[in-house]
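Read through the structure below, which is laid out as structure tokens, and then see the notes.
Counting convention: from 1, in listed order, for ligands and their atoms alike. Each residue takes its place number in the sequence, starting with 1. Because only heavy atoms are used, hydrogens play no part in the values below, and waters and symmetry mates are left out as well, while side chains stay in.
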Amino acid sequence: MTGPPIVTIDGPAGAGKSTLGRALAVRLALPLVDTGLFYRALTVAAAEAGIGVGDAQRATALAQRATVTIGMEPLDPREGGWARVDGRDVTDRLREPALAGLLAFVAQVPGVRAAILEPQRRLAAAGAVVLGRDTGTVVFPSAACKLYLDASPAARAARRRRQLLRSGAVVSDATLAQEVGGRDRQDQGRAVAPLRVPPDAVVIDTEAHGADEVLEIAVGVCRARGLAVAGRP
Ligand code: DC
């Protein structure tokens, strides 16, 4: 392995990236970087600035001007991470359902994606487990270890339901299927950095394995790619 120990975990919504990411960050003793937090934080800032869907120019200017800081605690599975924009905490609004349309827009603006490339790379300069949609293809093309998680839309909708139930929300099957399907179309269909399996990634089917098994498969791949893994052999 050359360069810092970077593990990328990409895949569609609800495939289990954060479950694996947290466990893997602990096993590898690396920080956890959820790149989705950048897009979510900028979306909150865009909404506050009155930037609407379609205004790519202002969204780009905002992303170029704003300083976004993010973090996620791997040992606390309830925590969805935090974010600040220009020092102001926007954590409470990161998952606001009313911002879903603006989030999908902001994430496909080329200037926004370009503006946050360097900030993402800086966070993993000394190594990290990185979660996202384009981390193995665009952000860290030479990452030491690339994983891609996948599962059927039904399994991902079920996972999402469990997540929502834990946070006290009740959502219908139809709404969940629509949410998962809609996000797939947005993530795979956009022109810039669409969701793709990186050519040198190992694909793990998270429907066929339990969370512990997925972790062991991932640890095995990391070890084979030369990363130092603490704990059990
Ligand atoms: O992983 P998430 O649901 O928190 O991601 C939030 C949004 O950001 C989602 O619309 C996908 C997008 N995203 C992206 O386009 N590229 C990434 N590397 C991470 C997230």
Just which atoms of ligand 1 are under 4.0 Å from any heavy atom in [X]?
X	result
Gly132	18 (N), 19 (C)
Arg190	14 (C), 15 (O), 16 (N)
Asp187	11 (C)
Asp134	16 (N), 17 (C), 18 (N)
Gly36	4 (O), 5 (O), 19 (C), 20 (C)

- Task: For ligand 1, indicate whether the residue Leu131 contacts it via side chain, backbone, both or neither (heavy-atom separation under 4.0 Å).
- Result: neither
What do you reckon, does [X] have a nitrogen or oxygen under 3.5 Å from a nitrogen or oxygen of ligand 1?
X	answer
Thr35	yes
Gln186	no
Arg183	yes

- Winner among Arg95, Arg113, Arg133 once heavy atoms are compared against atom 15 (O) of ligand 1: Arg113
- Arg196/Asp134 under salt bridge (Lys or Arg N to Asp or Glu O under 4.0 Å): CA gap, chis, key distance, verdict: CA-CA 7 Å; Arg196 294 277 183 272; Asp134 65 340; over 6 Å; no
So which heavy atom in the protein is nearest [atom], and how far is it from that ligand atom?
atom	value
atom 8 (O) of ligand 1	Tyr39 CB, 3.5 Å
atom 12 (C) of ligand 1	Ala107 CB, 3.9 Å
atom 4 (O) of ligand 1	Arg40 NE, 2.7 Å

Identify whether the distance between the nearest side-chain nitrogen and carboxylate oxygen of [X] and [Y] falls below 4.0 Å.
X	Y	value
Asp10	Arg133	no
Glu216	Arg27	yes
Arg88	Glu48	yes

Got [X] and [Y] here, is their nearest side-chain heavy-atom distance under 4.5 Å?
X	Y	value
Asp150	Ile204	no
Tyr148	Val202	no
Gln108	Val192	no
Pro5	Leu28	no

- Query: At the 4.0 Å heavy-atom cut-off, does Lys17 count as touching ligand 1?
  - Reply: no
- Query: Below 4.0 Å from any atom of ligand 1, is there a heavy atom belonging to Gln120?
  - Reply: no
- Note on the structure: One should read off an interatomic distance between Thr206 OG1 and Leu147 CG, to the nearest 0.5 angstrom, of 12.0 Å
- Item | Within 6.0 Å of CD in Glu213, more than 12 heavy atoms from elsewhere | yes
